[in-house]
Amino acid sequence: MKTQTYSPFQPRQYQKPIDGSSKIKPLMKEVPDDSLTDVDVLFVGGGPAGLSGAIRLKQLCQKDFPDISIGVIEKASRIGGHSLSGAVINPVAFKELFPDLKESELPFRQQVKKEKLFYLTTKGKYPLPLPPTMKNKGFYTTSLCETLRWMAEKAEAMDIAIFTSFTANELLTENNTIKGISTFPSGLNKDGSPSSSYQPPIFIRSKLTVLADGSRGHLSQAWMKWKNISSKYPQTYALGVKELWEVSDSSSQSIKQEIWHTMGWPLPMDCFGGAWVYDMGDQLVSLGLVAGLDSPLQDLDVHNQLQELKNHPLLSRLLKGGKCVEWGAKTIPEGGYHSIPQQLYDDGLLIAGDAASMVNVPALKGIHYAMTSGLLCAEAALLALKADDFSSQTLKIYDEKIKKSSCIRKELYPVRNVRQAFDKNIISGLIKSGLMFLTKGRFPGDHKKTLQPDNLKIRTRNLARAEAGSGERVMEIKSAGDKSTPIGFENFDFQGLATKRKKPKSRGKIIPPGYISKTEGVFLSGNKTRDDIPPHLMAKKDLPEEIQKFYTALCPAGVYEQKEGKLIINAPNCVDCKATDILGPEWTPKEGGTGPNYTRM
């Protein structure tokens, strides 16, 4: 096998610097009437935080402001189209938002009756005790897409305006106060020129703008850069790849009302993450793999490792005779309580949900925290409406409630250092996190960990000492010309499955029936991006070969490929997971209504 050696590298050195101020623009004094829409409060993002906030605000305003105008803007072609989660949901926020509904009337799928945690080896599994934070009995599996569409119906019945297929592009200001957003134009040719279907940007002016634009939200990132807002701990992210399977009746019965989580194989010891398998009812199974993007591995390919995981006896028996019906990917903010921005408000602005890192990694929960932040945004908005004052002085009460009295503070603070415990490897992480659970985070105390890409050095699993030069450690990587086995599948038991299919010109390579290529995954995501959209992933030119290989492995959707020493970017494949926005080419806004179109994810 041919090999090449590369010195370890830092991804941040090959990224274009982000200029937050480029997305902050003064509100034009003269905007064409047909391009200007006014609302009192605008929620950017039709996810759990945005929809919960909009619904709650409408409820609170029934008496004093019955005619309040509330808008929700969403870049997907329909609500839920870009939303993906496992998901097991704690219904507490739903009960608060819809107190008159019974749990049986809420848009959930299966109540969890039994749960299991395994440590996996290549072919074996070892049951582990459930940590206190991972106990989900009585909670519900749910499709986040279906849940959000149900919420959107409730919102529209309350005369809340929902704008789908519009990508928020810029924040509009007036005297340094946020006054709304402008959208990205649609109908641009690949070179950026207007086509025959061109539609100009729309300007939405608001008294209060709530940024609920999700993990690595573009406008949230721009606003924090513009205002120089950071957090006590730097943010770290994970990438999750999910598949939805229709399984046989016998397989469905074998996991009825159960959820499984796994640690260990196929992830290496120095990569934080794990897998899930959830019963969704109706012979549907949700499964996926999450891996920390602070992993130092140059060939980390979460999509391919999920394919490898499906060859494990635990999953292969469950999936036998079934088929994958949907696929998706997204990033998850994992930094924890101390990675919540130190300021969640501004004049005319609040930030909520995943955009503000409200995720509990040890509990694998984020949806009800996002919803809670939306509810608290609504309470702060009501106070601002009553005072007719949308300044920071009025809106800062939201920040205070989040960080002093909310369930977000109550549940995230005791586990504030758990994710940081895994900065070395899984074994040391389990020991340290166990002590953190016992002491409610007091051991070993708060300490800043650089889990973000700034100081991350990338290598591969096969390390060797260089024979010449400085003697530094080098990386051993398969040559692009060696195609006998897909990278990441060296240990895949292709012969071990009963049903096999051969691909033409494969030199005898056997591909298991459950294998989903990245291209097939994009198709199963319902991708609606036309082939001639303008480029929206900003990469530096003349990147070294090792960086090109890194991007190719990292992206779960096959956006990047290496040809004749050049990086090829297949922008229409992008499912907006934001993985390379963290470690590679910057994601910039693109035409609304493009990207994935998830239905049951």
Side-chain angles (χ1 to χ4, degrees), residues 8 86 115-121 125-136 230-240 260-276 289-297 300 302 305 331-340 342 357-366 369 403 408-459 461 463 582-583:
E115 50 196 319
K116 299 175 182 177
L117 175 63
F118 298 107
Y119 184 88
L120 299 185
T121 60
K125 69 178 190 298
Y126 300 91
L128 296 174
L130 286 168
T133 57
M134 287 182 67
K135 293 182 178 179
N136 293 282
S230 60
S231 53
K232 183 172 182 177
Y233 286 0
Q235 185 59 269
T236 189
Y237 294 88
L239 173 63
W260 305 342
H261 292 107
T262 76
M263 300 176 62
W265 187 88
L267 295 177
M269 292 297 290
D270 52 359
C271 180
F272 178 81
W276 78 84
L289 182 68
V290 175
L293 293 183
D294 56 327
S295 166
L297 303 176
L300 179 69
V302 185
Q305 289 192 307
T331 52
I332 306 160
E334 288 195 336
Y337 183 81
H338 284 319
S339 292
I340 294 175
Q342 291 179 322
S357 189
M358 296 175 187
V359 173
N360 186 334
V361 173
L364 307 178
K365 293 289 178 290
Y369 300 124
K403 296 175 180 176
I408 297 168
R409 158 75 187 201
K410 181 181 178 181
E411 297 175 22
L412 265 65
Y413 188 75
V415 295
R416 59 195 178 276
N417 295 316
V418 169
R419 176 61 176 89
Q420 285 70 23
F422 292 86
D423 61 318
K424 300 296 183 185
N425 57 60
I426 297 299
I427 299 300
S428 65
L430 288 172
I431 295 171
K432 287 188 286 186
S433 63
L435 293 170
M436 291 174 183
F437 283 129
L438 290 173
T439 63
K440 295 186 177 180
R442 288 187 289 272
F443 174 85
D446 294 347
H447 54 291
K448 189 173 183 179
K449 293 288 186 181
T450 52
L451 293 176
Q452 63 179 5
D454 288 3
N455 298 308
L456 178 63
K457 285 194 175 182
I458 298 296
R459 54 178 174 76
R461 295 187 184 97
L463 290 170
I582 297 161
L583 291 169

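The first residue of the sequence shown is numbered 1, and numbering continues consecutively from there.
For the atom pair Lys232 NZ and Ser339 OG, the distance stands at 11.0 Å (nearest 0.5 Å). Of the inter-residue distances, the one linking Tyr126 atom OH with Met263 atom CE reads 15.0 Å to the nearest 0.5 angstrom. The line from CH2 of Trp276 to CH2 of Trp260 is 15.0 Å long, rounded to the nearest 0.5 Å. For the atom pair Met358 CE and Ile408 CD1, the distance stands at 4.5 Å (nearest 0.5 Å). Interatomic distance, NE2 of His338 versus OG of Ser231, reported as 10.0 Å (0.5 Å rounding). Separation of atoms CE (Met436) and CZ (Arg419) is listed at 11.5 Å; rounding is to 0.5 Å.
Panel note: side chain Lys403, backbone Gln342; a donor-acceptor pair is recorded below 3.5 Å. Put simply, the side chain of Asn417 never gets that close to the backbone of Gln420: no donor and acceptor are under 3.5 Å apart.
Evaluation of the side chain to side chain donor-acceptor pair (under 3.5 Å) rule for Tyr369 yields Asn360, Glu411 as partners, not counting sequence neighbours. Partners of Ser357 under the side chain to side chain donor-acceptor pair (under 3.5 Å) rule, at least two apart in sequence or in another chain, are Gln235. Residues satisfying the ring pair (Phe, Tyr, Trp, His ring centres under 6.0 Å) test with Tyr413, not counting sequence neighbours, are Tyr337. Partners of Asn136 according to the side chain to side chain donor-acceptor pair (under 3.5 Å) rule, which considers only residues two or more places apart in sequence or in another chain, are Glu115, Lys365. A search for side-chain contact (heavy atoms from CB on, under 4.5 Å) contacts involving Leu364 returns Met134, His261, not counting sequence neighbours. Every residue two or more places apart in sequence or in another chain that forms a side chain to side chain donor-acceptor pair (under 3.5 Å) with Thr331 is listed here: Ser215.
Counting only heavy atoms from C-beta outward, the side chains of Val361 and Phe272 approach each other to under 4.5 Å. At a threshold of 4.5 Å between non-hydrogen side-chain atoms, the residues Glu334 and Val418 do not count as touching. Pro131 is listed as a side-chain neighbour of Leu117, based on a closest heavy-atom distance under 4.5 Å. The side-chain heavy atoms of Leu289 and Leu267, taken from C-beta on, include a pair separated by under 4.5 Å.
Annotation for Ala421 and Ser433: closest pair CB-N, 4.0 Å, computed over non-hydrogen atoms. When all heavy atoms of Leu300 and Ser295 are compared, the pair lying nearest together is CD2-CB, 3.8 Å. Between Pro266 and Gln305 the shortest heavy-atom distance is O-NE2, 3.1 Å. For the residue pair Val290 and Ala238, the shortest heavy atom distance occurs at CG1-CB, 3.6 Å. Annotation for Arg416 and Tyr233: closest pair O-CE2, 3.9 Å, computed over non-hydrogen atoms.
Around NZ of Lys116, the count of heavy atoms belonging to other residues, nucleotides or ligands within 6.0 Å exceeds 12.
The closest side-chain donor-acceptor pair between Asp294 and Tyr237, if any, does not fall under 3.5 angstrom.
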Could you walk me through whether Phe118 and Leu128 pass the side chain to side chain contact (heavy atoms under 4.5 Å, CB included) check? CA-CA 6 Å; Phe118 298 107; Leu128 296 174; over 6 Å; no
Chi angles and distances behind the side chain to side chain contact (heavy atoms under 4.5 Å, CB included) call for Leu293, Thr236: CA-CA 7 Å; Leu293 293 183; Thr236 189; 5.9 Å; no
